[in-house]
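Letters A, B, ... mirror the listed sequences (proteins, then strands); counts begin at 1.
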Amino acid sequence: MGITKLADLIRLDAHDAISHKDISDYTGKVIALDTSIVVNQFRAATPALSPLTGLFFRTLTFLEHGIKPVFVFDGKPPGEKAAVLEKRAETAGWRFSNRTGIASSQTKDCLQLLRLLGVPFIQAPGDAEAMCAWLVRAGTVDAVASEDMDSLPFGANILIRQLNAKKDSEVIEYSLPKLLQKLQISHEEFVDLCILLGCDYCDKIAGLGPRRALTLIQKHRTIENVVLNVNRKTHPVPLFWKYKEARKLFLDAPQIETPELVWTEPDEEALVKFLCHVKYVKEERVRSRMEKFRKTREEREKEKAAGCTKQTKMEDFFRVTRKRGQPVEAADSLSSNTKRPKSK
DNA sequence: TGCGTCC
DNA sequence: TCTTCTGCCGCAAGACGCA
DNA sequence: TGCGGCCGAAGAG
């Protein structure tokens with residue numbers, strides 16, 4: 001669900017924090033993705049089909065563009081969010097199964113697919129969004145790609161939306177430092193603002209929308225002070241309001257030692273065996289996509305040989321590792337890329 | 001480019 | 001009176017390949 | 001399921 005109306009607020013009040021990019025602008029970048037969001041996207045688009053094929057196609061598109069994806073899996077959700085998830089699952093009519101953090105069969109399939117594609121993945125101790133944001137802060141990855149805005153209060157400096165395989169689709173990049181500068185608030189104040197807007201971890205104050213919430217935080221700086229300065233009759237504070245727990249979740253996300261990230265060559269034969277013989281995807285579909293992948297890769301190498309500097313040589317790309325706390329480039333360099341508005 | 005199909 | 005919030009409604013969500 | 005647009009209701013100045 002993310003943060004209610006945060007995208008609107010940024011669009012209207014901190015437009016400078018947004019830049020419009022093309023997927024090719026992320027060549028050579030390490031991008032963390034919340035796997036559950038990606039999988040749910042495919043499930044929502046084609047409920048009758050396995051989301052595995054979608055994951056397969058999209059991951060290859062990333063690799064073709066020289067993007068190094070890292071998939072992050074949800075661990076045991078924090079108690080506050082578990083309640084929300086359970087409620088959501090109940091209304092949707094399915095059983096909420098990630099209470100323990102034990103991988104479902106679908107998760108195991110995704111893990112297997114990523115292994116065969118040679119793409120690294122990380123098991124988060126809790127919320128995958130929190131882990132993704134922490135990876136950016138630690139310099140392990142350059143940005144988070146997600147449709148949820150949660151990564152920003154979690155502290156991800158760069159958030160990318162609409163990073164998909166569609167041709168001519170516009171990628172939107174949000175810069176947290178620019179956002180804070182434009183709104184003239186600190187990260188802690190921004191977290192309080194997100195709680196007032198409405199997040200997954202606690203209730204919100206009724207009657208306070210994005211306009212008023214922003215003005216109040218800019219004026220009074222903390223939720224405690226905002227509460228003292230709003231009309232309690234028209235804007236009642238929720239009973240047993242767990243805003244302090246929510247604040248703690250955003251600011252003190254659980255951290256783990258990041259494993260060394262390694263990208264290797266996709267194993268076509270094993271992919272065919274898994275996707276076609278176990279998951280019953282048509283072999284022709286998998287083979288032709290792999291063929292296209294190889295051709296794109298060859299073209300890139302040719303371009304590189306011809307002196308096209310932007311392209312990443314694939315031999316360089318594979319078997320490349322990213323060590324902990326050793327960013328390839330500062331995350332901020334992503335947002336310093338030239339804006340490339342799409343012409344329609 | 002639009003539309004049908006993927007499983 | 002103007003601004004802001006809320007609730008309701010409708011639509012579209014992925015990616016590929018063929019015509 | 002989530003969003004954007006539209007509308008009526010309610011609050012702020």
Side-chain angles (χ1 to χ4, degrees), chain A residues 1-13 23 33-65 69 84-94 96 105-106 109-110 113 117 145-150 161-172 193 196-200 203-219 226 229-236 272 274-293 295-296 344:
Chain A
M1 207 163 103
I3 310 294
T4 314
K5 303 270 177 185
L6 179 58
D8 285 348
L9 186 140
I10 297 173
R11 198 168 50 230
L12 295 168
D13 294 279
I23 190 166
L33 297 108
D34 179 339
T35 317
S36 67
I37 289 177
V38 178
V39 168
N40 279 332
Q41 250 183 315
F42 290 119
R43 208 159 38 187
T46 52
L49 309 177
S50 163
L52 274 184
T53 43
L55 188 63
F56 167 72
F57 286 121
R58 190 181 281 190
T59 305
L60 284 179
T61 304
F62 289 158
L63 295 172
E64 276 172 349
H65 281 93
V84 177
L85 291 172
E86 204 152 357
K87 209 173 175 181
R88 216 180 283 168
E90 212 177 276
T91 48
W94 25 274
F96 172 58
S105 66
Q106 192 177 70
D109 288 343
C110 292
L113 178 66
L117 284 165
S146 174
E147 296 315 303
D148 247 342
M149 300 295 282
D150 284 32
R161 291 179 101 187
Q162 289 169 227
L163 187 71
N164 51 38
K166 240 185 242 166
K167 282 190 177 75
D168 298 327
S169 81
E170 195 178 58
V171 181
I172 303 166
L193 172 62
L196 288 177
L197 292 174
C199 66
D200 281 348
D203 294 328
K204 70 187 285 293
I205 300 176
L208 284 190
R211 299 278 77 237
R212 285 172 199 151
L214 175 62
T215 312
L216 288 164
I217 282 292
Q218 283 172 329
K219 197 172 175 186
V226 167
N229 287 279
V230 289
N231 185 339
R232 299 282 282 271
K233 279 182 184 167
T234 54
H235 303 299
V272 167
F274 175 61
L275 286 173
C276 310
H277 303 160
V278 181
K279 296 291 156 191
Y280 306 109
V281 181
K282 270 191 190 140
E283 183 167 341
E284 196 192 317
R285 247 165 97 79
V286 176
R287 293 275 185 203
S288 67
R289 187 63 184 83
M290 287 307 294
E291 175 67 22
K292 190 193 154 208
F293 174 70
K295 276 187 182 162
T296 314
K344 284 194 177 170

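To the nearest 0.5 angstrom, A:Cys276 atom SG is 11.5 Å from A:Lys282 atom NZ. The distance from atom NE2 of A:His65 to atom OG1 of A:Thr296, rounded to the nearest 0.5 Å, is 8.5 Å. Interatomic distance, CG of A:Asp13 versus CZ of A:Arg211, reported as 4.0 Å (0.5 Å rounding).
Atoms CE (A:Met149) and P (D:dG2) sit 15 Å apart, rounded to a whole Å. One can place NZ of A:Lys282 at 12 Å from C1' of B:dG4, the figure rounded to the nearest angstrom. Atom pair A:Arg43:CZ and D:dG2:C1' shows a separation of 16 Å (rounding to whole Å applied). If you measure from atom CG of A:Asn40 to atom P of D:dC3, you get 13 Å, rounded to the nearest angstrom. Spacing between atom CD1 of A:Ile10 and atom P of D:dC3 amounts to 12 Å, rounded to whole angstrom units. Rounded to whole angstrom, the span from the CG atom of A:Asn231 across to the P atom of D:dA10 amounts to 15 Å. Summarising the geometry, the separation between CG on A:Asp8 and P on C:dT3 is reported as 18 Å, rounded to the nearest angstrom. If you take CZ of A:Phe57 and P of B:dT5, they are 17 Å apart, rounded to a whole angstrom.
Residues A:Pro51 and A:Phe42 approach most closely at CB-CB, 3.8 Å, considering heavy atoms. Contact between A:Glu64 and A:Phe293 at its shortest, heavy atoms only, is OE2-CA, 3.3 Å. Taking each heavy atom of A:Ser146 and A:Ile37 in turn, the nearest pair found is OG-CD1, 3.4 Å.
Within 4.0 Å (heavy atoms only), A:Arg287 reaches no atom of the nucleic acid at all. Within 4.0 Å (heavy atoms only), A:Ser50 reaches no atom of the nucleic acid at all. A:Ala48 comes within contact range of at least one nucleobase, with a heavy-atom separation under 4.0 Å. Residue contacts shown for A:Arg58 are limited to sugar-phosphate atoms, with no base heavy atom under 4.0 Å away.
Separating the P atom of C:dA13 from that of B:dC3 is a span of 13 Å, rounded to the nearest Å. B:dC6 and C:dC11 are spaced 26 Å apart, taking the P atom of each and rounding to whole Å. Nucleotides C:dC16 and D:dG2 have their P atoms positioned 25 Å apart, rounded to a whole Å.
Neither OP1 nor OP2 of B:dC7 sits under 4.0 Å from any side-chain N or O of A:Thr53. Between D:dG2 and A:Arg161, no contact under 4.0 Å exists linking OP1 or OP2 to a side-chain N or O.
Between the side chain of A:Gln162 and the backbone N or O of A:Glu170, at least one donor-acceptor pair lies under 3.5 Å.
Side-chain contact check for A:Thr61 and A:Arg289: at least one donor-acceptor pair (N or O, by modelled atom type) lies under 3.5 Å.
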Q: Could you check A:Glu147 against A:Asp34 for side-chain contact (heavy atoms from CB on, under 4.5 Å), going step by step and ending with a plain yes or no?
A: CA-CA 9 Å; A:Glu147 296 315 303; A:Asp34 179 339; over 6 Å; no
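For A:Lys292, counting side-chain heavy atoms from C-beta on, the closest listed nucleotide (B:dC6, D:dG4, C:dC16) is C:dC16. For A:Thr234, taking side-chain heavy atoms from C-beta onward, the closest of the listed nucleotides C:dG17, D:dA12, B:dC7 is D:dA12.
Here C:dA13 sits opposite no nucleotide as a Watson-Crick or G-U wobble pair (both hydrogen-bonding atom distances under 3.5 Å).
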Return the polar atom pairs (N/O with N/O) between nucleotides 5-9 of chain C and the protein under 3.5 Å, or none.
from	atom 1	to	atom 2	distance (Å)
C:dC5	OP1	A:Gly209	N	2.5
C:dC5	OP1	A:Gly209	O	2.7
C:dC5	OP1	A:Pro210	N	3.3
C:dC5	OP1	A:Arg211	N	3.4
C:dC5	OP1	A:Arg212	N	3.1
C:dC5	OP2	A:Arg211	N	3.4
C:dC5	O5'	A:Gly209	N	3.4
C:dT6	OP1	A:Gly207	N	2.9

Pull out every protein N or O sitting under 3.5 Å from an N or O of nucleotides 11-13 of chain C, one pair per line with the distance.
none

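For A:Asn231, the side-chain contact (heavy atoms from CB on, under 4.5 Å) partners are A:Lys233, A:Thr234, not counting sequence neighbours.
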